[in-house]
Amino acid sequence: MADFTASVYQNEFLPDGGTDVHAIVTVNCTGAGAAGQSGSGDAGEIIIVDTSGSMGRDGVQAAAYAAQTALDQILDGVWFAVISGNDRAQLAFPPSSEPVMVRMDPYTRQAAKDAVSRFYADGGTAMGTWLRLASRVFATVPSLSQKHAILLTDGENQHETPEALTQAIESVTGQFQCDTRGVGVAWQVDEVRRIAQALLGTVDIIPAPDQLAAEFSKLIQNAMSRGVAQADLRVWAPQGAEVLFVRQVAPTVEDLTARRTAINPLTGSYPTGSWGDESRDYHVAIRLAAKAVGQEQLAARVQLVIGDQTVAQGLVKALWSADEALTTRISPEVAHYTGQTELAQAIQDGLAAKAAGDTATATTKLGRAVQLAAATGNEEATTRLRKVVDIDDQETGTVRLKRTVEKADEMALDTASTKTTRVKK
């Protein structure tokens, strides 16, 4: 069985009248094993490939090859299916008029590869129909405890309304996880990111079709290494306290606050999806009623729970003090991830302003992003930002928008905006 540990980083000292407690909770997992082999249920994998007309013959051939490469990475015994999507969704494999999955073995792997080789480009794009079909396909195997999909698209979701896509996303949220990738530069980052965030997945750009196979292979390998099918973060706070927010802050920024499910009046549960051998950081903020100097209180109990079993726990504390040397101390971990969260928002806001023609706001926001990336040591973000702005002064965030920017560089900055770096010890 997987081994989980939890560590808490915070400054527990509050000044007289202080109410807000912030903590970073690091959860580590080792010994997770392989997907579907923990004895707690089967694993299922669906590969969803855009075969709309905009993909073109070369694009579809590259996507088909990538799907075939991905099929090689799915472990024998895992349930799987392949969906081709344009303005409607079709089950490409197994060949059936009704939703169905089959177990992976040498015969079904080859049969799926043969089916994928017959992909051709035609029609429009309606990603909501792809998600709904994936949900129905997963539902045909009741023994599945781990459900994961990868979705590839190359264009805008032009053949269904934004409301229809929203409804589709909402209808499948909580039913499976999905990593999304966009190939080329004709797709909309916000559309594809919405799917990934709702379905506890990742989003990224694949600039060229010849990079598809390597990315698909990596995604499936990662999914197959997650032997813990589902875990939830539970946060208990005392009577009268308010949970201000719960965020995953590493390896990416994901706000979990609105995903809260009440366990009891004092405890909320937040989904974290499947786990492999990895480490994740969570930022928890609690508002307490102020207490007198010298008093202390348990501000939160943060637990990772699998089923009904608590596998790791961290305690967030509060102690009121008159000693300014204690109360004004800033936790390095809290400060770092507060900056990283602001960095992600500054990049997204800056690029949105740039797209809208608001150069003043874009310059201010992207300048702040440069400043935050330098302050938090996020060298990858700095490198990506340099492709969009000319940096005059990192420390002050003084930048100029580049006159000419490759669309792929802009989209790469956008999709990577939520990726964080860890605190340098």
Side-chain angles (χ1 to χ4, degrees), residues 50 54-56 58-59 62-63 66 125 151-157 179-197 201-216 218-219 251-253 339-421:
D50 185 340
S54 59
M55 287 285 286
D58 291 346
T125 304
L151 182 152
L152 173 76
T153 187
D154 83 317
E156 293 184 47
N157 200 51
D179 290 310
T180 60
R181 294 294 183 268
V183 61
V185 296
W187 55 285
Q188 295 295 311
V189 174
D190 284 346
E191 280 182 348
V192 179
R193 180 163 49 211
R194 276 206 300 145
I195 296 171
Q197 288 181 332
T202 60
V203 60
D204 211 342
I205 181 174
I206 305 174
D210 61 4
Q211 298 169 308
L212 281 170
E215 184 67 12
F216 267 38
K218 183 175 74 173
L219 287 172
T252 58
V253 176
Q340 293 272 287
T341 302
E342 186 186 349
L343 169 62
Q345 195 62 55
I347 289 172
Q348 291 176 27
D349 289 348
L351 291 175
K354 183 174 181 292
D358 185 351
T359 57
T361 299
T363 302
T364 300
K365 293 290 186 180
L366 293 174
R368 177 59 175 157
V370 165
Q371 189 179 33
L372 288 163
T376 58
N378 194 329
E379 294 174 5
E380 182 182 337
T382 300
T383 299
R384 293 183 188 278
L385 281 160
R386 286 187 185 279
K387 295 180 179 180
V388 178
V389 297
D390 292 316
I391 301 174
D392 294 332
D393 190 323
Q394 275 188 312
E395 288 190 9
T396 62
T398 305
V399 304
R400 289 167 288 116
L401 298 182
K402 286 184 178 290
R403 289 184 179 275
T404 305
V405 178
E406 292 289 337
K407 181 65 173 175
D409 290 334
E410 217 169 76
M411 294 174 73
L413 174 63
D414 198 355
T415 58
S417 61
T418 59
K419 294 179 182 177
T420 57
T421 57

* Can you list the residues that meet the salt bridge (Lys or Arg N to Asp or Glu O under 4.0 Å) rule with K407, with sequence neighbours excluded? -> none
* Structure fact -> Sequence neighbours excluded, the answer for side chain to side chain donor-acceptor pair (under 3.5 Å) partners of R193 is D190, D414
* Asked: Can you tell me how far the NZ atom of K402 sits from the CZ atom of R386, to the nearest 0.5 Å?
  -> 9.0 Å
* Asked: For K218, what residues pass the side chain to side chain contact (heavy atoms under 4.5 Å, CB included) criterion, not counting sequence neighbours?
  -> E215
* To do: Measure the shortest side-chain to side-chain distance between M55 and L152 over non-hydrogen atoms and say whether it is less than 4.5 angstrom.
  => yes
* Asked: Within a strict 4.5 Å, meaning less than it, do heavy atoms of the L351 and I347 side chains meet?
  -> yes
* Structure fact -> D409 meets the salt bridge (Lys or Arg N to Asp or Glu O under 4.0 Å) criterion, sequence neighbours left out, with none
* Asked: OG1/T341 to CG/L372 distance, rounded to the nearest 0.5 angstrom?
  -> 10.0 Å
* To do: Identify, with sequence neighbours excluded, every residue that meets side chain to side chain donor-acceptor pair (under 3.5 Å) alongside T383.
  => none
* Heavy-atom pair with the smallest gap, counting every atom of K354 and A362 -> N-CB, 3.6 Å
* Asked: Which distance, rounded to the nearest 0.5 Å, do you find between the CG of N378 and the CD of Q340?
  -> 5.0 Å
* For D392, side chain to side chain contact (heavy atoms under 4.5 Å, CB included) partners two or more places apart -> T398, R400
* In Å, rounded to the nearest 0.5 Å, how long is the span from CD of Q371 to CG of L385? -> 12.0 Å
* Structure fact -> With sequence neighbours left out, the residues meeting salt bridge (Lys or Arg N to Asp or Glu O under 4.0 Å) with R368 are E342
* **Partners meeting salt bridge (Lys or Arg N to Asp or Glu O under 4.0 Å) with E191 (sequence neighbours left out)** => none
* Results of side chain to side chain donor-acceptor pair (under 3.5 Å) for D154 - residues two or more places apart only -> S54
* Asked: Listed by chain and number, what are the side chain to side chain contact (heavy atoms under 4.5 Å, CB included) partners of A66, not counting sequence neighbours?
  -> L212, A213, F216
* Structure fact -> Rounding to 0.5 Å, atoms CZ (R194) and OG1 (T180) come to a distance of 11.5 Å
* Asked: Hey, is the main chain of G201 close enough, under 3.5 Å, to the side chain of D179 for a donor-acceptor pair?
  -> no
* Nearest 0.5 Å, what's the CG-CD distance between L343 and Q345? -> 10.5 Å
* To do: Mind checking side chain to side chain donor-acceptor pair (under 3.5 Å) for N157 and listing every partner two or more places apart, or none if nothing turns up?
  => E160
* Which residue pairs pass the salt bridge (charged side-chain N to carboxylate O under 4.0 Å, His left out) test when at least one of the two sits in residues 201-211, sequence neighbours left out? -> D204-K419
* Structure fact -> What one should report as the nearest heavy-atom pair of G350 and K365 is CA-CB, 3.5 Å
* Let me see the working for M411 and V185 under side-chain contact (heavy atoms from CB on, under 4.5 Å), right down to the final yes or no. => CA-CA 7 Å; M411 294 174 73; V185 296; 3.8 Å; yes
